[in-house]
Every structure is written in C-alpha cells, then in structure tokens.
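This one's a predicted model, so the numbers in the text were calculated from it and none came from an experiment. In the text below, chain A, chain B and the rest are named by the order of the sequence lines, each starting its count at 1. Quick note: numbers below take in every heavy atom, side chains included, and nothing from hydrogens, waters or symmetry partners.
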Protein chains: 2
Amino acid sequence: MVDRPAISKGEMEVARALWQIAPATVREVFEALPASRAMDFTTVQTYLRRLETKGHATSKLKGRVRVYSARTKERTVIRDTVNDLVQRLFDGDTMPLVRHLIEDRGIDETGLAELRDLIERLDQEGKK
Amino acid sequence: MVDRPAISKGEMEVARALWQIAPATVREVFEALPASRAMDFTTVQTYLRRLETKGHATSKLKGRVRVYSARTKERTVIRDTVNDLVQRLFDGDTMPLVRHLIEDRGIDETGLAELRDLIERLDQEGKK
DNA sequence: GCATTTCACGTACATGTGTACGTTCATGAT
DNA sequence: ATCATGAACGTACACATGTACGTGAAATGC
C-alpha cells in the first residue's frame, strides 16, 4: 500500500485514457483523449512521465517506442480522490455529498430506479 | 456570475472557517480552524489574502485589524468543486459517484433513512 | 539514398501552492 | 516614556503543475 503522490488534474485526464487502453504508447493515449480535451503530444508525454515518477504508471521501451501501463488501479485512485474531497469539503461525512448530488445535480429516472434497488439491497443486508 | 479562479486545497480549509464565522479577523479564522489542522498565523493571513485576490473574499481595515468576509457562497464553491470532480472523474455523470459513495464508502442507518425519504420525494415530483 | 515524419528525452518557463519569515508600526502594560 | 505584543504587509522560496519547444536519432515515403 505504498502511498504515492496524488494525481493532478491534468495528469488525471491522461491517467484515465491510460486505464482504458493500457498498455499503450504515448500516441495511443494521446489519441484516446476526449476530443474536447486537446493537448500537445509532448504534453501527454510529460504527464505520462510524471505519472511514472509518481509511481502510478510503468513503462518499457518496446523497440523504438515506449509503452506505458497503469500501476495503480482506477478504483483506488477514485477512492482516494473522493475520500480527499469528502474530507476537505464535508469533514469526512458522506451524506452531505450524496444529498448534494441528488438534490443539486439531479438524477434522471434511470438513476432513480437504480438508487431504489441499491437501497433495497442495503436494507436486506441491514436486516440480516 | 464572474468566474473566479478555483480555491486550492489549503485555501479551502481557510475558506471553510471563514464561511462559518465571517466577518472575522485573521486571528479569528486562525482560531476557528480545526485543531487537527495546525498552520501558522501568517499562513492563514496569506491564504486570506489570496482568497481576496481570487475574488472569493473581501476585507476592510477596521481600525488596526483587517476584517474578512466571504464573497462567494459556500454552496456555490461546493457546487463548482463537485462539478469539476464529477467531470474529471466520471465524464460528468452523477450516478457513478453516488454509487461509489453508497457502496464503497457506505452510509449508516440514519443516512439510509434519509435516502429513502429523498427518493420518495423525488418520486412524488416525478409523478406530478 | 535523401527528405519527411515520428519518437524519446532533456529542458524550459510561467504560474500555482504550501508555508512562513522579517520589518515596521501601533497599542497596551509597566 | 519604554517595552513587549500583535497586526499588517511585503517578500521569499521550494516544489507542483500546465504546457510545450528543441535536438537528435530512427523509420518510412518516394
């Protein structure tokens, strides 16, 4: 459970692309970025390098190109990031954020249905 | 709806204290910080100065001391911060985060009850 | 086989961030 | 009147971050 430096916003976009397609070359990651998020090829290169420095990725030269892989799981990073947010914004309390999401951001009918299921499941477990 | 530079992590801790007790002097904010979060008096001063520079606070000299007030509402900052997170981590999709919070972080019985109410309310509105 | 494309890699550079020190001035205590 | 306290304010400084350029080498197009 080595605890690596947090991933910055810019790095995060690259990391997400990497998680989706790893192992992948810089170019592949570059191309996997959402079109809405234009950044220079070399910027992607820098972010990948930094992710590796921070211990969130590894790479290996395959012939002439460097191939990157993720070293931390997306789930873990999400957990840490969310934990941090909840801590800093809500003193570590989960419900205020849940409430905010549901009330302020709103969820659609499908989401509502899923939520009902989720709760029912938790209810069952609670009763056991 | 001027859009001000985002509040950094360190600034956020000071901003939260400020929201709670504003208008307040640097020392008051300093003292309102959670004990767990020790930082130098002048560090608080710097953060308040930066919050003002960024447009999130205002201040006025009252005699010899400077009194700070919040200029952006906590709710707004929370909204923006969460929006940003949801965007960056979940492509702007709310449900994955809700799911993560409920499943991965877990909520207690009280939270569950509140959730049931929340959903019921939304159901009513949906039916209308 | 020469020009063009494409990488890796080193380097850069402005701005942001966390954290605080030093100086100066006013104020309240002695 | 003198001195310790406490503020404001300017300044600092290392490290993080966003973003990319330049150079040199390999591969590919013609």
DNA chain C contacts made by residues 76-88 of chain A, counting heavy atoms under 4.0 Å:
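Heavy-atom cutoff 4.0 Å gives no residues at all.
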
So if I take residues 51-58 of chain A and measure heavy-atom distances to DNA chain C, which residues fall below 4.0 Å?
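Per residue number, the list is empty: none.
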
Between [Y] and [X], does any NZ, NE, NH1 or NH2 come within less than 4.0 Å of an OD or OE carboxylate oxygen?
X        : Y        : value
A:Glu103 : B:Arg121 : yes
A:Arg88  : B:Glu11  : no
A:Arg99  : A:Asp104 : no

Do side-chain atoms of [X] reach the backbone of [Y] as a donor and acceptor pair under 3.5 angstrom?
X       : Y       : value
B:His56 : B:Pro5  : yes
B:Thr25 : B:Glu28 : yes
B:Trp19 : B:Val14 : no
A:Asp93 : A:Met95 : no

Which residue pairs pass the ring pair (Phe, Tyr, Trp, His ring centres under 6.0 Å) test with at least one member in residues 68-117 of chain A, sequence neighbours excluded?
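Residue pairs with at least one partner in residues 68-117 of chain A: there are none.
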
Please, which pairs that meet ring pair (Phe, Tyr, Trp, His ring centres under 6.0 Å) have at least one residue in residues 22-41 of chain A, sequence neighbours excluded?
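Every pair satisfying ring pair (Phe, Tyr, Trp, His ring centres under 6.0 Å) with a residue in residues 22-41 of chain A: A:Phe30-A:Phe41.
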
Start with the C-alpha gap between A:Ser59 and A:Arg66, add the side-chain angles, then the distance that decides, and say whether side-chain hydrogen bond (donor to acceptor under 3.5 Å, both in side chains) holds.
CA-CA 6 Å; A:Ser59 75; A:Arg66 188 165 286 280; 2.8 Å; yes

Pick base, sugar-phosphate or nothing for A:Thr43, based on heavy-atom distances below 4.0 Å to the nucleic acid.
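Answer is base: heavy atoms of A:Thr43 come under 4.0 Å of a base.
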
For chain A, the stretch of DNA chain C it reaches, first to last nucleotide, under 4.0 Å of its heavy atoms:
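Extent of the interface on DNA chain C: C:dT6 to C:dA12.
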
Which atoms form the tightest heavy-atom contact between B:Asp84 and A:Lys9, and what is the distance?
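For B:Asp84 versus A:Lys9, the nearest heavy atoms are OD2-NZ, 2.7 Å.
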
Regarding A:Thr94 and B:Arg105, is there a side-chain donor-to-acceptor distance under 3.5 Å anywhere?
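On atom types as modelled, these side chains qualify, holding a pair under 3.5 Å.
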
Using heavy atoms to find the nearest nucleotide of DNA chain D for A:Ala6 and A:Met39 separately, return the residue whose nucleotide is more 5′.
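Final value for this comparison: A:Ala6.
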
Start at the 5' end of DNA chain D and walk down; is the nucleotide closest to A:Ser8 or to A:Gly63 reached first?
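Going by which nucleotide is closer to the 5' end, it is A:Ser8.
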
Could you state the atom-to-atom distance from NZ of A:Lys62 to C1' of D:dA26 in whole Å?
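Between C1' of D:dA26 and NZ of A:Lys62: 19 Å.
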
Hydrophobic cluster membership, with links at side-chain heavy-atom distances under 4.5 Å among I/L/V/M/F/W/Y: are B:Leu33 and B:Val67 in one?
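Not linked; separate clusters.
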
How does each nucleotide of nucleotides 4-10 of chain D score, in 5' to 3' order, for protein heavy atoms under 4.0 Å: base (B), sugar-phosphate only (S), or none (-)?
--BSBBB

